[in-house]
There are 4 protein chains.
Amino acid sequence: MANKTAPDATRRSQRSRQAICEAALALVGETGYDKLTIEGIAARAGVGKQTIYRWWPSKGAVLLDAFTEGVQDGGGTLPDTGDLATDLKAVLRATVDEFNDPAFQAPYRALYVAMVNDSEVSAGFTSKVLEPGTRAYADRIRAAQEAGEVDPDADPELAAEMILSPFAQRWLLRSRPLTHAFTDRLVDQALAGLRPRRA
Amino acid sequence: MANKTAPDATRRSQRSRQAICEAALALVGETGYDKLTIEGIAARAGVGKQTIYRWWPSKGAVLLDAFTEGVQDGGGTLPDTGDLATDLKAVLRATVDEFNDPAFQAPYRALYVAMVNDSEVSAGFTSKVLEPGTRAYADRIRAAQEAGEVDPDADPELAAEMILSPFAQRWLLRSRPLTHAFTDRLVDQALAGLRPRRA
Amino acid sequence: MANKTAPDATRRSQRSRQAICEAALALVGETGYDKLTIEGIAARAGVGKQTIYRWWPSKGAVLLDAFTEGVQDGGGTLPDTGDLATDLKAVLRATVDEFNDPAFQAPYRALYVAMVNDSEVSAGFTSKVLEPGTRAYADRIRAAQEAGEVDPDADPELAAEMILSPFAQRWLLRSRPLTHAFTDRLVDQALAGLRPRRA
Amino acid sequence: MANKTAPDATRRSQRSRQAICEAALALVGETGYDKLTIEGIAARAGVGKQTIYRWWPSKGAVLLDAFTEGVQDGGGTLPDTGDLATDLKAVLRATVDEFNDPAFQAPYRALYVAMVNDSEVSAGFTSKVLEPGTRAYADRIRAAQEAGEVDPDADPELAAEMILSPFAQRWLLRSRPLTHAFTDRLVDQALAGLRPRRA
DNA sequence: CGCTAATCGAGACGGTACGTCCAGTCTTAAC
DNA sequence: GTTAAGACTGGACGTACCGTCTCGATTAGCG
């Protein structure tokens with residue numbers, strides 16, 4: 001009923017789809033997001049341009065698909081040793097290491113650009129990658145709350161944001177280095193709050 | 001140092017500089033960052049393209065200059081009524097309103113894109129706009145700390161990041177609405193921390 | 001052979017080719033060769049610049065193609081009334097009129113410029129336009145030679161050059177007016193030679 | 001009285017004039033006419049652009065000045081041994097050698113381009129360089145005429161054109177090689193004419 | 001198992017913007 | 001008042017991609 005007859009997904013070439021995703025990831029790693037071109041992806045993938053335009057609306061969408069291809073597990077779950085601070089610190093330290101790896105940075109940063117430009121990609125990336133990540137933290141905090149380790153009035157979702165966002169901003173803006181010390185203090189201060197405690 | 005002989009800044013036309021900055025801001029508001037073109041800016045400003053290329057390395061840099069032109073006050077200071085929570089909430093509520101204004105969003109969002117792409121712009125924007133903003137919060141928190149309102153072990157800089165970053169992320173990713181309720185709870189939870197308090 | 005993969009000529013748009021040639025001729029007539037621009041041709045023809053660059057190496061080459069498009073007959077033949085002088089004079093008088101027509105001058109003069117600059121164009125124009133023209137004269141002279149009207153030792157090719165070149169030079173340099181009297185005397189003197197004849 | 005106050009020629013820097021002419025000749029030899037730029041000449045001559053624009057209307061005019069600077073003798077005179085054919089052949093052979101010298105070709109060819117484009121340059125070059133050259137030939141032919149060696153009805157000016165123009169055209173169009181044999185036959189045929197002579 | 005319609009690789013097309021080069025004008029400071 | 005220097009507006013250069021469009025040549029699913 002659309003004026004453009006929709007393509008028949010059952011006939012879609014998985015071979016091409018795969019090649020396009022791989023080419024997109026490879027190229028974005030080599031040249032950065034804004035030098036990533038549809039023509040470049042098509043050439044690298046040995047594919048006609050139309051095959052990309054047929055199935056994706058923008059290069060951001062290709063990148064999102066390519067990125068979520070391998071990471072569709074949904075974000076997973078945080079460990080629960082019974083000590084919230086320890087668990088959060090451990091996971092954040094691992095994440096710090098991941099984000100300091102140049103090979104990982106390029107496509108991830110590219111996706112951020114795509115996202116800020118394009119609210120479709122923004123929605124997709126948020127729901128497929130970011131939300132599950134935040135939820136994993138919130139779940140772990142909620143578990144601690146149920147165990148009495150966390151104030152019942154606290155909002156676990158908000159708490160997750162307060163821990164993850166400073167991390168994300170630092171990485172995104174390269175304003176300050178991402179270190180284990182930083183994430184450790186982040187957890188400590190989120191737990192302790194600013195108000196003085198009576199000994 | 002530079003292999004291209006640097007232009008003589010003393011002969012620079014302030015008239016053109018002004019016109020370029022205004023055109024850049026106007027256009028980015030009308031069309032968004034990725035449709036912002038050097039040619040467009042030049043045409044709007046009634047200026048030769050070369051005059052832009054002579055003085056700025058990229059459209060991101062132009063935008064940064066244009067943006068910081070009117071906002072060079074350094075971030076200012078937060079009010080101090082003696083009650084930290086009240087002051088933070090008041091300022092954040094105002095900021096929420098500002099960031100929900102579409103007229104303000106476009107250039108600011110554009111700068112974010114420019115920043116993620118270009119580490120030069122990133123450094124400039126961080127040091128000229130973001131750092132002073134964060135410092136204003138940190139200063140207010142430090143003042144509260146000296147007044148005994150905040151735990152002496154807390155880190156005011158980190159506290160400022162924990163309050164501002166969730167705000168920035170929400171705005172950037174459009175993941176959840178920016179409301180006064182959100183920022184109020186943000187302040188409360190930052191102050192209280194997660195750990196339960198003995199009444 | 002070529003390092004740039006050659007375009008596929010079978011898929012070439014004849015519509016565009018035609019429009020480009022017409023636009024080039026029209027523009028060169030309106031503005032002259034050095035104000036003729038590829039951009040101008042493309043705009044006038046309603047064509048992308050790349051379509052010109054894909055098929056022609058320079059604006060001179062476009063002009064050559066445009067010019068030879070309508071004149072591919074090969075130069076034709078001169079009339080043969082049995083009297084060489086009469087025939088040569090008649091044809092030259094017609095050519096004088098043609099070259100004094102401003103509408104004809106512009107593209108022809110433009111081609112001369114293109115030619116002097118660019119030896120490719122030079123070769124093309126010479127072989128497609130000038131050689132056939134000269135040959136037509138040489139053929140007529142050879143016919144006269146075979147009829148005993150011309151000295152058997154004379155070189156018809158050279159004779160053609162001696163008649164046509166002074167004509168071309170005068171036109172090219174605008175040094176002296178092109179008149180019927182001039183070409184008449186040219187023919188007479190070429191036939192008679194300089195040496196006195198015992199009558 | 002002109003709206004642009006004419007520059008005061010008495011204050012003109014001969015130093016600059018000299019440098020500009022030398023730079024123009026050097027550059028045209030290195031890069032060809034159409035890559036010759038006013039900026040390039042100014043830079044090479046260590047001169048401001050305005051100094052060129054003040055004194056010359058176009059790059060063709062500069063080139064013409066530069067070229068005629070060293071050749072202001074007026075064309076000179078042809079030798080007169082009493083045998084016209086011998087004298088003409090000798091001079092033409094020398095000219096052939098000159099025009100086959102690449103170092104001489106470039107600026108001369110450049111001037112031709114300038115000329116075809118620009119009727120001012122055309123007039124200047126014709127009157128300062130070409131006319132005197134042609135006149136020298138015409139004078140020698142006229143002398144022969146007075147000596148009875150040439151038909152009294154022949155036109156020496158036209159005869160000079162008939163000898164020099166084929167030469168010029170061949171060189172200009174690179175259509176055929178310039179050789180001694182060619183110019184020798186040119187002279188012979190111009191003298192003999194086409195019509196058969198009774199032995 | 002062959003038919004037929006959609007997808008495929010390829011790439012020409014009309015366009016837009018790029019970043020560079022130069023034209024020709026104007027301004028400044030040195031002489 | 002001319003000069004060297006060079007910033008200015010303007011515009012064409014030749015290149016790179018955009019997104020659309022046509023081409024055969026596969027290639028899948030249905031008959």
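Values below: every heavy atom of this structure, side chains too, minus hydrogens, waters and symmetry copies. Order of the sequence lines fixes the chain letters, A, B, ..., with proteins taken first and strands second; residue numbering starts at 1 for each chain.
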Atom-pair distance (CD1 on A:Ile52; C1' on F:dC17), nearest Å: 13 Å
Which nucleotide in F:dG14, E:dG14, E:dA23 has an atom nearest any side-chain atom of C:Ile38: F:dG14
Ring centroid separation A:Phe67 to A:Tyr108 under 6.0 Å: yes
Under 4.0 angstrom between D:Trp56 side-chain N/O and E:dA23 OP1 or OP2: no
Sugar-phosphate only, base, or nothing, as touched by B:Thr51 at under 4.0 Å among non-hydrogen atoms: base
Intermediate values then yes/no, side-chain contact (heavy atoms from CB on, under 4.5 Å), C:Tyr112 and D:Leu172: CA-CA 10 Å; C:Tyr112 250 87; D:Leu172 193 58; 4.2 Å; yes
Distance, rounded to the nearest Å, where C:Lys59 contributes NZ and F:dG11 contributes P: 17 Å
B:Ser13 side-chain proximity, nearest of F:dT9, F:dT22, F:dC8: F:dC8
side-chain N/O B:Trp55 vs F:dC8 OP1/OP2, d < 4.0 Å: yes
Touch class at under 4.0 angstrom, heavy-atom based, for C:Thr10 against every strand present: nothing
Sugar-phosphate, base or nothing in reach of A:Gly40, heavy atoms under 4.0 Å: nothing
Touch class at under 4.0 angstrom, heavy-atom based, for C:Arg54 against every strand present: base
Protein-nucleotide distance (C:Gln50, atom CD; F:dC21, atom P), rounded to Å: 20 Å
Which residue lies more 5' along DNA chain F, comparing C:Glu39 with B:Gly46 via nearest heavy atoms: B:Gly46
Pairwise 5' ranking along DNA chain E for B:Arg11 and D:Pro57, keeping only the more 5' one: D:Pro57
d(CD1, D:Ile41; P, F:dA4) in whole Å: 14 Å
Residue pair B:Arg17, B:Glu69: steps toward the salt bridge (charged side-chain N to carboxylate O under 4.0 Å, His left out) verdict: CA-CA 11 Å; B:Arg17 190 198 137 88; B:Glu69 180 112 306; 2.8 Å; yes
Protein-nucleotide distance (B:Asp8, atom CG; F:dA4, atom C1'), rounded to Å: 13 Å
Spacing of C:Asp34 atom CG relative to F:dA12 atom P, expressed in whole Å: 13 Å
For atom CZ of D:Arg17 and atom C1' of F:dT3, their distance in whole Å: 17 Å
Heavy atoms from other residues, nucleotides or ligands near CZ of B:Arg15 exceed 12 (cutoff 6.0 Å): no
Among B:Arg44, B:Lys49, B:Lys59, salt bridge (Lys or Arg N to Asp or Glu O under 4.0 Å) partner for B:Glu39: B:Lys49
Comparing B:Thr37 and C:Arg15 on DNA chain E - which has the more 5′ nearest nucleotide: C:Arg15
Presence of donor-acceptor pair under 3.5 Å, side chain of C:Lys49 and base of E:dG15: no
Nearest-Å distance for atom pair OH/P, residues C:Tyr53 and F:dA12: 11 Å
